Amino acid sequence: MSKSSSDKRHFIIVAVLVVVTTVVMGIVLNGVLELPVAASVQAHTVDWLFRVHMWLIAFLFALVSVFMVYSFVVFRRGKRQDEGEHFEGNTTLEILWTALPLVAVAVFAYIGVVTLNTVTSAPPDEMVIKVEGAQWLWNFTYPDGTLSTNELVVPVDQNLTMQMSSKDVIHDFWVPEWRVKEDVVPGLTTTVHYTTDKTGEFDMMCNQVCGLNHTLMIAKVKVVTQEEFATWQQAQLVKQDLQTASR
Amino acid sequence: MTLLLSALVGGWDSGWTMYPPLSLQGSVGYQFVFWSVFAIGLSSILGSLNLIATILLMRPKGMSMFRMPIFCWAVLATSIIQLTATQFIGIDFLLLSFERSLGMPIFNPMMVEGVNMGGEPLLHQHLFWFYSHPAVYVFVLPGLGIISELLPVFSRKPLFGYRWVALSSIAIALVGFLVWGHHMFTSGYQPYLRVAFMISTLLVAVPTGVKFFSWLGTMWGGRLTFPTPMLFTLGSISVFLIGGLSGPVLATTTTDLFLHDTYFVVGHFHATIFGGFVFPFFAAIYFWYPKITGRMYNEALGKWHFWLMTPAFWVMSIGQMSVGVMGMRRHIADYDAGLGIATGQLWITLAGFVIAFSILLMIYNLFSSAEVGRVAGANPWKSRSPEWQIASPVPDISYPAPIRVVGEPYDYGLLGSPNYVAVGAGDD
Amino acid sequence: MAASTTPMKAAGHAGAHDDAHAPTETYAERLRLNRLGMWLFFISEAFLFGALLAARFYLWGDTRPDLDQVVGLIVTSVLLLSSASMYIADTAAEHGQWRVFSVAAWITMILGLVFLFGVMIFEWGLFPSIYKAHLTPWDSKYGAVVFAMTGMHAFHVITGIALIFIMWNLARKRRFTPERHWGVEASAIYWHYVDVVWIFFYPALYLIGSVVHLTGH
């Protein structure tokens with residue numbers, strides 16, 4: 001085969017290899033990086049975009065690595081004693097590979113803004129739960145006055161808004177299965193919205209270093225049916241009344 | 001020194017970002033950390049001032065800005081960041097130190113009748129990241145400069161698109177000033193900032209892409225050889241590629257709301273820093289070793305180092321990303337066994353030990369070859385750069401007479417092109 | 001911070017002693033390098049003061065504490081006047097009029113000290129027997145930011161005065177000539193720079209935003 005670097009055959013082979021590698025890499029990446037169960041409506045949007053990004057990564061990885069490895073094989077010096085071909089650059093190419101990424105950035109920024117809006121906007125008929133982070137526990141206050149510590153019980157198929165504040169240092173509200181996280185900052189009230197769509201038990205972990213027991217600052221999250229939720233709330237209120245009475 | 005002292009008097013337990021209020025309530029060790037950062041910052045500012053002045057005014061005759069070795073451009077871009085952004089972390093840590101010692105409420109809120117008369121914790125994050133994001137480029141830009149410097153030598157071809165590579169360094173440095181907010185996507189700041197910082201952060205991909213494509217252009221049609229420095233250069237590109245490509249998914253706020261502060265970020269950061277700094281650093285050590293000592297390092301050991309370290313690094317980096325998406329948080333040493341990431345963690349740890357072992361090989365290589373290595377001669381790589389035109393190791397007086405730059409730094413493969421520098425032609 | 005090192009190092013070079021690349025370097029080249037270094041240093045310092053301004057606007061927004069407007073106006077005018085006298089001193093050095101230089105330098109230093117004591121007495125309340133200031137650094141974000149900003153600025157004023165004093169002393173020993181007086185030039189630029197910083201600080205502290213009356217201490 002001709003060794004001249006501008007030979008068309010080089011580019012045809014590389015193009016085919018890039019396509020093949022992209023497909024293989026895309027499948028491998030999406031296989032290796034398995035996400036936790038998606039248990040909120042927001043999680044599905046995040047996951048979709050995550051997968052799109054994995055395919056973008058696969059393509060760009062293929063583009064760069066195929067060209068690189070192809071050069072190793074075809075343009076290695078071997079027994080030849082001459083120097084490389086002398087060309088110092090190509091302005092058209094440079095402009096092209098500045099402009100195309102700019103377009104890609106614009107596209108991805110647009111997708112980013114739209115999806116960001118979906119996962120952060122307040123849904124209607126929400127249940128507002130007040131969350132207070134403290135070293136090293138979580139307190140939850142429900143709209144009807146139910147209190148709970150380190151255990152967040154919520155009904156399934158329900159729009160939730162967490163209204164969060166901190167007693168001392170910065171904490172962070174994160175349920176991996178719900179994807180979206182937000183810091184809990186002293187002096188501020190931050191909010192985060194979820195729509196639950198799957199029952200189950202998850203962990204809600206503090207994800208902003210908050211001192212000695214940061215790692216253990218985990219609250220149980222139980223997503224239950226509407227009936228179970230009503231029962232739990234009732235029981236919780238009774239317990240609270242008993243406590244106030246005994247004081 | 002003060003940083004080490006800090007460990008003795010209680011250390012600091014907030015991670016390296018030192019977010020208040022946590023950093024204001026721990027042991028007195030924090031004060032030492034604040035002062036040491038302040039002192040290092042000062043030296044960094046003065047050093048960068050020196051480098052910029054040298055690059056702008058002290059080039060030899062005939063060396064226009066676009067005839068400098070490409071590494072100088074990287075240093076210039078780096079110095080611009082150090083000169084300016086460092087002041088922000090200086091003020092930040094000075095104020096933290098005052099708040100700890102005098103109780104000046106700058107970062108800690110103080111509620112008086114429902115109104116905050118005290119400070120704001122987020123101010124620290126703004127001041128901190130305004131420096132600390134560009135600081136990453138302080139690591140990475142010189143590394144990318146080394147890649148651009150070494151590729152032409154081992155491809156026997158000119159650097160593809162010199163001007164574009166040079167200016168992309170400056171572009172990365174400047175865009176770097178506008179992206180600090182992506183460290184704060186989940187911090188609770190104003191929602192519109194999320195959009196602004198998402199767009200500015202995605203923009204970093206453009207000049208970085210220019211570099212990658214220019215490197216490919218440099219290799220295309222070359223005559224590639226693969227001694228250890230070239231292997232590490234190519235290793236840099238492959239690792240930095242992993243780091244770079246895992247960037248946009250983090251830059252996009254939507255996905256970052258999930259990935260923020262997980263091990264995915266740790267994996268991304270390791271890949272950028274190893275690809276952009278550690279691998280090029282090793283490439284540079286092996287490349288300039290004969291110039292420094294006058295002897296060649298042991299090529300076989302160098303190759304062992306590379307072939308142990310690079311695959312191990314891929315395992316580590318991709319492993320970190322994978323446990324990250326499964327729910328591993330960053331900044332913690334212990335994890336919940338229920339996450340199902342024990343196997344992944346084991347692989348990461350093993351890979352870490354392999355990397356450490358390979359670096360021990362390098363250290364042994366460097367020390368032993370200084371004694372027994374083959375004598376290298378002035379220019380073992382047949383480079384055109386000026387430092388290779390004089391004896392190895394470099395004599396006390398580099399040139400007997402003033403020099404003049406008469407050629408291009410990377411004019412490989414062109415018959416009859418003039419040398420890069422000529423000695424003794426100091427006057428016009 | 002580095003306030004004192006750069007200009008002083010530069011002043012040392014005006015006396016032209018040992019240097020690695022001395023043989024090929026002329027005074028003009030050295031001067032060019034010094035000037036560039038000085039301006040790079042100013043760019044760097046701009047970010048230092050910029051960070052403080054950023055903190056002020058972040059924490060205060062469109063509010064400000066109730067500072068004494070008369071004091072603010074007087075110290076600001078004094079500082080602006082000192083810039084004028086420093087200009088006279090610099091011009092005098094250029095023309096070799098060392099008596100004029102010396103008088104103008106002293107006026108500058110005295111005005112600088114007046115500014116400094118104005119801030120210390122009336123804003124910081126360091127001498128409660130003369131004047132009881134109502135702001136403390138620890139009671140609220142207002143006091144904290146006022147002290148941080150004026151403190152950092154005052155530190156630069158002090159180094160500025162020290163520099164001018166050193167230059168006056170060197171001039172007294174006939175170390176400068178009209179052609180070679182980089183040290184004087186550097187301290188003059190530095191003084192003007194410190195002045196310009198105050199031109200940004202003054203409105204940020206005294207003028208912008210609505211007054212918040214602090215209660216409860």
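Here is how names work: the chains are called A, B, and so on, in the same order as the sequence lines, proteins then strands, and each is numbered from 1. From a predicted model like this one, the values you see are computed outputs, not experimental measurements.
Between B:Lys157 and A:Phe87 the shortest side-chain heavy-atom distance falls below 4.5 Å. Counting heavy atoms from C-beta outward, A:Leu160 and A:Ile129 have side chains that approach closer than 4.5 Å. In this structure, the side chains of A:Val184 and A:Ile170 stay at 4.5 Å or more apart for every pair of heavy atoms.
Looking at B:Leu259, both its backbone and its side chain come within 4.5 Å of chain A, counting heavy atoms on both sides. Using a 4.5 Å cut-off between heavy atoms, B:Phe213 contacts chain A through both its backbone and its side chain. For B:Thr201, no part lies under 4.5 angstrom from a heavy atom of chain A. With a 4.5 angstrom heavy-atom cutoff, B:Leu159 touches chain A only via backbone atoms. At a 4.5 Å heavy-atom cutoff, A:Leu29 makes no contact with chain B through either its backbone or its side chain. For B:Thr252, the part lying near chain A is the side chain, with the backbone staying farther off; criterion is any non-hydrogen pair under 4.5 Å. Looking at B:Phe226, only its side chain comes within 4.5 Å of chain A, counting heavy atoms on both sides. Both the backbone and the side chain of B:Met219 come within contact range of chain A, each with at least one heavy atom under 4.5 Å from a heavy atom of that chain. Of the atoms belonging to B:Pro248, heavy atoms from both backbone and side chain fall under 4.5 Å from chain A. Of the atoms belonging to B:Asn108, not a single heavy atom falls under 4.5 Å from chain A.
Comparing B:Val325, B:Ile318, B:Leu202 by how many heavy-atom pairs each has under 4.5 Å with chain A, the most go to B:Val325. Heavy-atom pairs under 4.5 Å with chain A peak, among B:Gly217, B:Ala205, B:Gly161, at B:Gly161. Contact tally against chain B (heavy-atom pairs below 4.5 Å) for A:Glu177, A:Gln135, A:Met164, A:Met54: the top residue is A:Gln135. Between chain A and the options B:Ala251, B:Pro121, B:Pro152, B:Gly209, heavy-atom pairs under 4.5 Å are most frequent for B:Pro121. Per-residue counts of heavy-atom pairs under 4.5 Å with chain B were compared for A:Leu56, A:Thr98, A:Thr190; the largest is that of A:Thr98. Residue with the most contacts toward chain B among A:Trp174, A:Trp178, A:Phe50: A:Trp174 (heavy-atom pairs, distance under 4.5 Å). The greatest number of non-hydrogen atom pairs below 4.5 Å with chain B, out of A:Glu34, A:His86, A:Met68, is found for A:His86. Ranked by non-hydrogen atom pairs under 4.5 Å with chain A, the options B:Thr218, B:Leu234, B:Val195 are led by B:Leu234.
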Under 3.5 Å, sequence neighbours excluded: what are the donor-acceptor pairs made by side chains of residues 185-193 of chain B?
| unit_1 | atom_1 | unit_2 | atom_2 | d |
| --- | --- | --- | --- | --- |
| B:Ser187 | OG | B:Met184 | O | 2.8 |
| B:Tyr189 | OH | B:Gly181 | O | 2.9 |

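For A:Lys220 and A:Glu201, the salt-bridge test fails: no basic side-chain N is under 4.0 Å from an acidic carboxylate O. A salt bridge does not link B:Arg194 with B:Asp256: every distance from a Lys NZ or Arg NE/NH1/NH2 to an Asp or Glu carboxylate oxygen is 4.0 Å or more. The existence of a salt bridge linking B:Arg329 and B:Asp261 is excluded, since no basic side-chain nitrogen approaches an acidic carboxylate oxygen closer than 4.0 Å.
Not less than 6.0 angstrom separates the ring centroid of B:Phe160 from the ring centroid of B:Trp220.
Classification of the B:Phe107-B:His124 ring pair by plane angle, with boundaries at 30° and 60°, yields perpendicular.
In the model, B:Trp164 has no side-chain atom that pairs as donor or acceptor with a side-chain atom of B:Ser214 under 3.5 Å. Checked by atom type, the side-chain pair A:Ser121/A:His193 shows no donor-acceptor distance below 3.5 Å.
A donor-acceptor pair under 3.5 Å is formed between the side chain of A:Trp136 and the backbone N or O of A:Cys210.
At a heavy-atom cut-off of under 4.5 Å, chain B is reached by A:Pro101, A:Leu102, A:Val105 from residues 99-106 of chain A, listed in order of number.
Both the sub-6.0 Å distance and the 45° axial angle are not jointly satisfied by B:Arg223 relative to the ring of A:Phe75.
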Review point. Please walk me through it: do A:Asp172 and A:Lys181 pass salt bridge (Lys or Arg N to Asp or Glu O under 4.0 Å)?
Key: CA-CA 7 Å; A:Asp172 183 275; A:Lys181 70 167 73 71; 5.6 Å; no
